[in-house]
Structure formats: structure tokens, C-alpha cells
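Here is the structure we will look at.
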2 protein chains.
Amino acid sequence: MLVVDDDPQLRRALRITLRAAGFDVVTAEDGRTALAEAAAAHPDLVVLDLGLPDLDGTEVLAGLRPWFTGPVVVLSARGDSSDKVGALDAGADDYVTKPFDMPELLARLRVALRRATPLPGEPVVQTDHFTVDLAARQVTVDGVPVRLTPTEWALLSELVRAPGRLIGQRDLLKSVWGPAYERETNYLRVYLAQLRRKLEPDPAHPRYLHTEPGMGYRFTP
Amino acid sequence: MLVVDDDPQLRRALRITLRAAGFDVVTAEDGRTALAEAAAAHPDLVVLDLGLPDLDGTEVLAGLRPWFTGPVVVLSARGDSSDKVGALDAGADDYVTKPFDMPELLARLRVALRRATPLPGEPVVQTDHFTVDLAARQVTVDGVPVRLTPTEWALLSELVRAPGRLIGQRDLLKSVWGPAYERETNYLRVYLAQLRRKLEPDPAHPRYLHTEPGMGYRFTP
DNA sequence: GCCGGGCGTCAGGATCGCGTCAAGACCACC
DNA sequence: GGTGGTCTTGACGCGATCCTGACGCCCGGC
């Protein structure tokens, strides 16, 4: 996160508050260093004061926008409508007039970040032989998609969400079939066999979906 | 674009101004009709007044957010910091206090729309057989335009916005018909058949709009 | 060597979910 | 008031999925 302001006190206040909110903060006190810092640090978001000593804030914005796709939140002492419209149309994502309320600014920064990062994408689990895309709900073996039934998918995703860790049969039964089925270990046997038949190169000698007798099952990538 | 406000004068003014700016506008005067309109009309953006006669504006926001992914711009006569922070954290994309300046509101709406539409990348989805232009709302099969009904379009655009990703039936129902229809899977069957009849080379053996039994549907280019 | 527990395998049959169709309700427009 | 298009609703047949029970195998304990 890059904070651009010429007032040392405000810079300091913002840095402390934003750090407390969990952000990494770098600062700049004028337009030129702001552009340099932005290029060097690749911030997720820029807080930009319009009243700078060297460059006009709108020039900084114009210098930023051709390549910087993250959100820019503008601070300004001037509250004229034309100023606001100009900055917003020039690429700013929000316009906050000074003096501002710190909790509100933080909320607006959260909104800007929320919009900019589309989804907290779920991971893709890979082995030498097959891949499991948890977000897309797709499994491919040697590159070709494989169809799984809902129960097979529920079981597999439980296993691959904890790579290398052993999962007890009771835990698996609870999370796939519900808490009422804690004792029906036959289900597990049947569906593990099904998964191995669809995923393992040699279902008789599993390389990825291992059985720990008496304990549970384990997925090893 | 959906405008929600209980003041008829303001509604009228907003409708006229927004129409002049090139937007299609539907209006609602209370929270319940707002939620119904949003589910029926699929607006790109919602302008929401917090002071409504029946529901609290934040309740409308809460009812909207689980399934409506477009931007929501909040209007309010109250300018307290806590109100602003609450609305912004509840999912609002901007918070404008009344009385507001119309050009500024328009600029803020433009920003919200700019951020919400995924401009990095072409809004055109293509397959070997048909193309879907999300921006122009047009579908062509082998180069010839095809007419889709509003519901068909809403369903198709949900699917092609996530190429390769499986979308659960509940998610589809929520985003196309609204959150009240989470269980009506018959709708999906009927409209998927409709889409396949219009888009697939062989509707009996779909190549692009796949069914994952028990889970949902998937568009694969 | 016998026994029992745990696991993998298999093949039915009950059940569920999907695709299809058509008729009626609803709406907007003429 | 009529008309065309769109949306809803219900019924039906078929295929896939899930459950279930039985059987054989391996391995450690007696």
C-alpha cells in the first residue's frame, strides 16, 4: 500500500493506522517519488493526496493509470464538484475530502481492495498423474477430464484438502455422509475403490490414496 | 440500473438524469419491491437509499448481497461515520450523503461500473461453434445472430462468465431467479434445454453446456 | 494351523436426478 | 380486447447414482 502526502504528520498518522490494520505501507512525499515508489513496490492500492508540492495530483494519477491497475483512493482538501468528477473520471476509485474520518477511510480502502481482488481463488492440487481443481470442481487424469459423482467428489475433496495428513474414517464419514453414519465403514470401502479405479494408474496398488488399516485414509501427492 | 428511494421527487429526478446519461432505469419505492425488482430485472447497478419505509436499507443490502454481485451505491441523509462504515462493510461500493451533487453522483456511478465490469480481457467468449458477446448482449451461432429471451440470457451469461468452472444449481438459481428459488431445479432443466437447442450443434449430446449430475452445470469452450 | 477383524471387490435393485414435452398463466404491446 | 411471446408448472421415461449384502483375501493373534 502506497501513501502519497506532503504533510509529514498526516503521513505518519496514516502509516501507523494502516499498519495497525494489517497493511504493509510505503510512503512518498511528492509526485515524482510517488511514481517511482509505485513502479518499484507494486502496491495493491495507492492513497493519493491531490495537493503535492511538485506535480499536480491529477498528473500523478495520469502517470499511474496507464500501467497501474489497482485502486487509487484520492484525498483532497478541495471539495468542489468539478474536482471530484475530474479525479474520478481520470481513474480514481474514490475521493475523500479532508478533514476525513479515519474509520470511514479504512472502510473505503477495504471496499476498494474488495473490488480489485475478484476472488480468493481456491488452490489446485496436483500429482504426477492427476490434478484436482477445487474451485472449478474438476478432476483431470493425464489432462483429460474425469467425471465424478457428487459423493465421489465430496470424499476426494476432503482427502486432498489435507495432503499428506491422515484422516480418520469417522471424520470422513461425518463430513461426507453426515454425523449419523459414523459406523458405516463399508461406504468408505466402496467409494475409495471407485476413486482409485478412476484416478490411480494401478488401482490394485494405490500410489496416492493410501489405506491405514484401522485408522483411516491418506492422500499423498 | 435499479433506483431505490421513497421520495417520488428524487426518484423522478434520478430517473430523468440517468436516462439522459444513457442508462436503462427501473425504480422501486420500498425495500420489498426493490428486492423483487432486482431479482427480476438483473440490473448492472443498484442505487439504494437507506431510509426506506418498510425495511431498513441495510436489510435490503443484506438481502441483495448473497447473490447480487454488481455494485451497490448507497444514498443516505445520515452522515455519521458509523453509518458509513457499516454500510460499506456490509457490501456497499460507495456511500453518498444527501444532499448530493448530481455530477459527482454520476461520476461515482461510472467508477462503480468501471470497476465491476471485468475490462481486463475481452468481454467476448468464443467456442468453435458460437460466440457470446457479454458487452453487446449478443449471441451468434456460426455467424448468424440468435435471439435469446431475458431468462435465457441471464442463465447463459452466468455460465460463460466462468469458463470451465462448475456452477452449483443453487448458485445459478440464486443469481438468475433470485434467492427465493433455491430449490426449483426444474427451471434449470427447462432453460438449459432451451439454450442447448439454440446453441449446441447436437442438443442431445452437448459439447459446451455440460451437466454434472447432482452438482450443477459447466460451460467448457 | 485355526480364527477373527479389517479391507477390497462385485453385482444386483431401489431411488434419485435429468431431459423432454406440452399445456396453462402471465405480460406487454398492438 | 385480441395476440404473440415468455415464463411457469406438472407429468413421464430413462439412465445414473447410491445403497446393500455377500464373498474372498491378507495378516496378526491364539
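What you are looking at is a predicted structure, and each value in this text was computed from that prediction instead of being measured. Just so we're on the same page: letters track the sequence lines, and every chain starts at 1.
- Within the 4.0 Å cut-off from OP1 or OP2 of C/dC7, at least one side-chain nitrogen or oxygen of A/Q169 is found.
- Atom NE2 of A/H210 and atom C1' of C/dG6 are 19 Å apart (whole Å).
- Toward the 5′ end of DNA chain D lies the nearest nucleotide of B/P150, the other residue of the pair B/N186 and B/P150 mapping further downstream.
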Please lay out, stage by stage, how B/T151 and B/Y187 fare under the test side-chain contact (heavy atoms from CB on, under 4.5 Å). CA-CA 10 Å; B/T151 310; B/Y187 291 174; over 6 Å; no

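- Looking at which nucleotide of DNA chain C each of A/G214 and B/L192 is closest to, the 5′-most match is held by A/G214.
- Between B/L195 atom CG and C/dT20 atom P there is a gap of 12 Å when expressed in whole angstrom units.
- Between A/Y187 atom OH and C/dC10 atom P the separation is 20 Å, expressed in whole Å.
- Between A/R189 and C/dT9 there is no side-chain N or O to OP1 or OP2 distance below 4.0 Å.
- Under the 6.0 Å cut-off for aromatic ring centres, A/W177 and A/Y191 qualify, their centroids lying closer than that.
- At least one donor-acceptor pair closer than 3.5 Å links the side chain of B/R108 to the backbone N or O of A/Y95.
- In terms of modelled atom types and a separation under 3.5 Å, the side chain of B/R65 and the main chain of B/A90 share no donor-acceptor contact.
- A donor-acceptor contact shorter than 3.5 Å links the side chain of B/E152 to the backbone of B/T149.
- For the OP1/OP2 pair of C/dG17 and a distance below 4.0 Å, the side-chain nitrogens and oxygens of B/T211 include no atom meeting the criterion.
- Taking for each of A/E184 and B/R147 the nucleotide of DNA chain D with the nearest heavy atom, the 5'-most of the two is the partner of B/R147.
- Across all strands shown, A/Y217 has heavy atoms under 4.0 Å from sugar-phosphate atoms exclusively, and none from any base.
- Using cut-offs of 30° and 60° for the angle between ring planes, the B/F219 and B/F130 rings count as tilted.
- Put simply, CD on A/Q194 is 13 Å from P on C/dG8, counting in whole angstrom units.
- Rounded to whole Å, the distance from NE2 on A/H205 to P on C/dG8 is 13 Å.
- Scanning DNA chain D 5' to 3' for nucleotides with an atom closer than 4.0 angstrom to a non-hydrogen atom of chain B gives a first and last hit of D/dT6 to D/dG10.
- Atom P of nucleotide C/dG6 and atom CZ of A/R170 are separated by 10 Å, given to the nearest angstrom.
- Between the P atom of C/dC7 and the CZ atom of A/R196 lies a distance of 11 Å, rounded to the nearest Å.
- Side chain of B/D54 to backbone of B/G31: a donor-acceptor contact under 3.5 angstrom is found.
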